[in-house]
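Quick note on labels: first sequence line is chain A, next is B, and so on, each numbered from 1. All values reported here derive from a predicted model rather than from experimental measurement.
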Number of protein chains: 2
Amino acid sequence: MSAERSSTVTLRMLADQLGLHVSTVSRVLHAKPDESHRAASSATVERVRKLADELGYRPNPHATSLRTQRSNLVGVLVPRLSDIVLATIYEGIEEAAGERGLSTFVTNTSDVPEFQRDRTDMVLARRVDGMIFGDAYVDAAFLGEVAERGVPFVLVSRRAGDYPSVTCDDYLGGRMVAEHLLSLGHRDVAVVAGEPYASTGIDRSTGFIDAYADAGIEIPAHRFTHSRFDARGGHEATERLLAEDEPPSAIFAVNDFAAIGAVGAARDHGLSVGADIAIAGFNDTPLAAELPVPLTTVHSPMHEMGRRGLELLARLLHGEQVSSERLRPELMVRASTAGS
Amino acid sequence: MSAERSSTVTLRMLADQLGLHVSTVSRVLHAKPDESHRAASSATVERVRKLADELGYRPNPHATSLRTQRSNLVGVLVPRLSDIVLATIYEGIEEAAGERGLSTFVTNTSDVPEFQRDRTDMVLARRVDGMIFGDAYVDAAFLGEVAERGVPFVLVSRRAGDYPSVTCDDYLGGRMVAEHLLSLGHRDVAVVAGEPYASTGIDRSTGFIDAYADAGIEIPAHRFTHSRFDARGGHEATERLLAEDEPPSAIFAVNDFAAIGAVGAARDHGLSVGADIAIAGFNDTPLAAELPVPLTTVHSPMHEMGRRGLELLARLLHGEQVSSERLRPELMVRASTAGS
DNA sequence: GACAATCACCCAAACGTTTGGGCCAAACGT
DNA sequence: ACGTTTGGCCCAAACGTTTGGGTGATTGTC
């Protein structure tokens, strides 16, 4: 039954109306169980709570932050929010943040270092308590600077250096795809490896290559190419791979969008995906299953990754010692690798 | 040459170090061109600026907000950030916000009214200056409440009531698709219309239906069905349409994801998209062009929509009178409607 | 050389909280 | 009956800004 007072209600208004001191009201409303009974009589506590509720009192977060030197804000940097992978991770972050009374600022860096620096500064200027980076470079150079400034942070999606991170077990995911393709008899395969600075692409392709090596098959250099992470990037990279005399019988693209681009390129070359050539992706984006030729891919728990990322940061902010987490991937076999 | 002071630097620190009063420093750093010379001598101004720069002074936004009663924060509500359409709109919002020194809180409501209310409360509790809704229900019931609370806001993507909004000209877009299909000779067509509460789906399908009516063709009720906006929703809706004895020769799905679902359903029915059945979408999502059968769709300027939305809100916050904007769509003809 | 006008600043009160200390009265212990 | 504890509350000082209103020295005007 919270009435709508047009002008915002403050502690002082409550205090005046109750004939109490503002500090008393403050203590009552904080209600740390160990303090609440020391603050006022239970009758008073009741009165205060009731009025606060009726008037719809909301503490002014700026005043609180100013006083406590804690903003309950966290900054989140991602390469692009229009990438569904990062968007989904962010949804997890935001959900977990809401549950803890934290709010998030999220912003794009387009994976360009200059923007990362810029946006970090902006976010820090807003006095966030900590940060979550979804756009870490594997060399961790910039993160070193951030760490030196004493800013608490964690990484999601990509790992870097020894900083705490929550990632998918990308190496294992890469191996899973390799073992799947091996079991289908593919011996001449290629990799669309993503950007060279992202641990995701690196680990996924390394896992893939290692698994093939374990099976006694060395993947030659000309079967390996970097790419942007989007559909067009995958398309272009696959063009390069298919320009060879003998096309490979299977392609592993390190994310679904690159894989969709790869499918497009295969089509352009008159190859039927699933029959003439096998293509696998990574992430199990919702679209993967809906594509005209459903895509074999590795499911990575993106939402969960976001949640865990925020929880890791929360623990860090509480002064706890934290360590990185690697979430389990799961292979989703579909038609794009179905052909004999 | 901004040195890193580990402890945050305040106005007082600057003032003390310069032998000035904190208010003088404040005025200098505000530097409204009409006030800066009234604040201090140009020599002093120089000294102040230099030290502020050296020490890397950043005003504490909480203190500023507390004092000025303005937070330079705006709240953004979207159905789902993992929907690339909304994510892209938000990127536009965030970009424009950054340019104006505003920051944004964005949060998902999953299009459920209870969450809209909840999240609005949370965002308002953070004392945002205004809000942008990307999840408006066409009935505008909830928005009425928000307006009554005196919160300045604008709408993006969807319109509702007479509240200021920035949308694509969805009605026109719908007509464009209809005219395209008519020109290809399609006379028996169906519509996957999206959610009944979203103006986007309503306007797009109304435009489409009106254009057919203008051509003397009445689209019967069993050729029209609502759907969720995602691939699975489009798939299910198309299943319903294709369960009829005579399938239509073309389907207009009011967004690209629903269209992708429609493509999947068509495939399941043994129909070749572009040859046996034409399918068109809406939004021109980056994927549309990369699909195995590239998708005919209507390009809507999503990024720009976000930018304009923020600018509209900014003007509103400046007390200006604002009015809604409708951005021009553009038809992208591709293979999915190429067949004879 | 008297007067006002400017210049270059300083003062102090807010904005809404939080929090370490008080202080007074009633209850308690012996 | 007299000190001590406790319950129940109040005081006041911060946190870092902004901003309307000074004030004393210099400059300009005649």
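One finds a salt bridge joining B:R307 and B:E99 here, because a Lys/Arg side-chain nitrogen approaches an Asp/Glu carboxylate oxygen to under 4.0 Å. In summary, A:R308 and A:E304 engage in a salt bridge, as defined by a charged side-chain N under 4.0 Å from a carboxylate O.
Computed from coordinates, the A:R70 CZ to D:dG16 P distance equals 17 Å when rounded to whole Å. Note: CG (B:L66) to P (C:dC15) measures 9 Å, nearest angstrom. Atom pair A:Q69:CD and D:dA14:P shows a separation of 14 Å (rounding to whole Å applied). Distance NE2 (A:H30) to P (C:dG16): 16 Å, rounded to an integer number of Å. If you take CG of A:L20 and C1' of D:dG8, they are 10 Å apart, rounded to a whole angstrom. Rounded to whole angstrom, the span from the CZ atom of B:R126 across to the C1' atom of C:dG16 amounts to 15 Å.
Across all strands shown, C:dC11 pairs with D:dG20; the Watson-Crick or G-U wobble distances both stay below 3.5 Å.
Nearest to the side-chain atoms of A:T10 among the listed nucleotides C:dC10, D:dC10, C:dG16 stands C:dG16. The side chain of B:R12 sits closest to D:dT17 out of C:dC10, C:dT17, D:dT17. Among D:dG16, C:dC10, D:dC10, the nucleotide with an atom closest to any side-chain atom of B:N60 is D:dG16. Set against D:dC9, C:dT17, C:dT19, the side chain of A:Y57 has C:dT17 as its closest nucleotide.
In this model, a side-chain donor or acceptor of A:R27 finds a partner on the base of C:dG21 within 3.5 Å. Contact of B:T24 with C:dC9 (side chain to base): no donor-acceptor pair of N or O atoms is detected under 3.5 Å.
In this structure, a donor-acceptor pair under 3.5 Å is absent between the side chains of A:N60 and A:R58.
Residue B:S41 has a polar side-chain atom (N or O) positioned under 4.0 Å from OP1 or OP2 of C:dC9.
Using bins of under 30°, 30° to 60° and over 60° for the plane-to-plane angle, the ring pair A:F105/B:F105 lands in the parallel bin.
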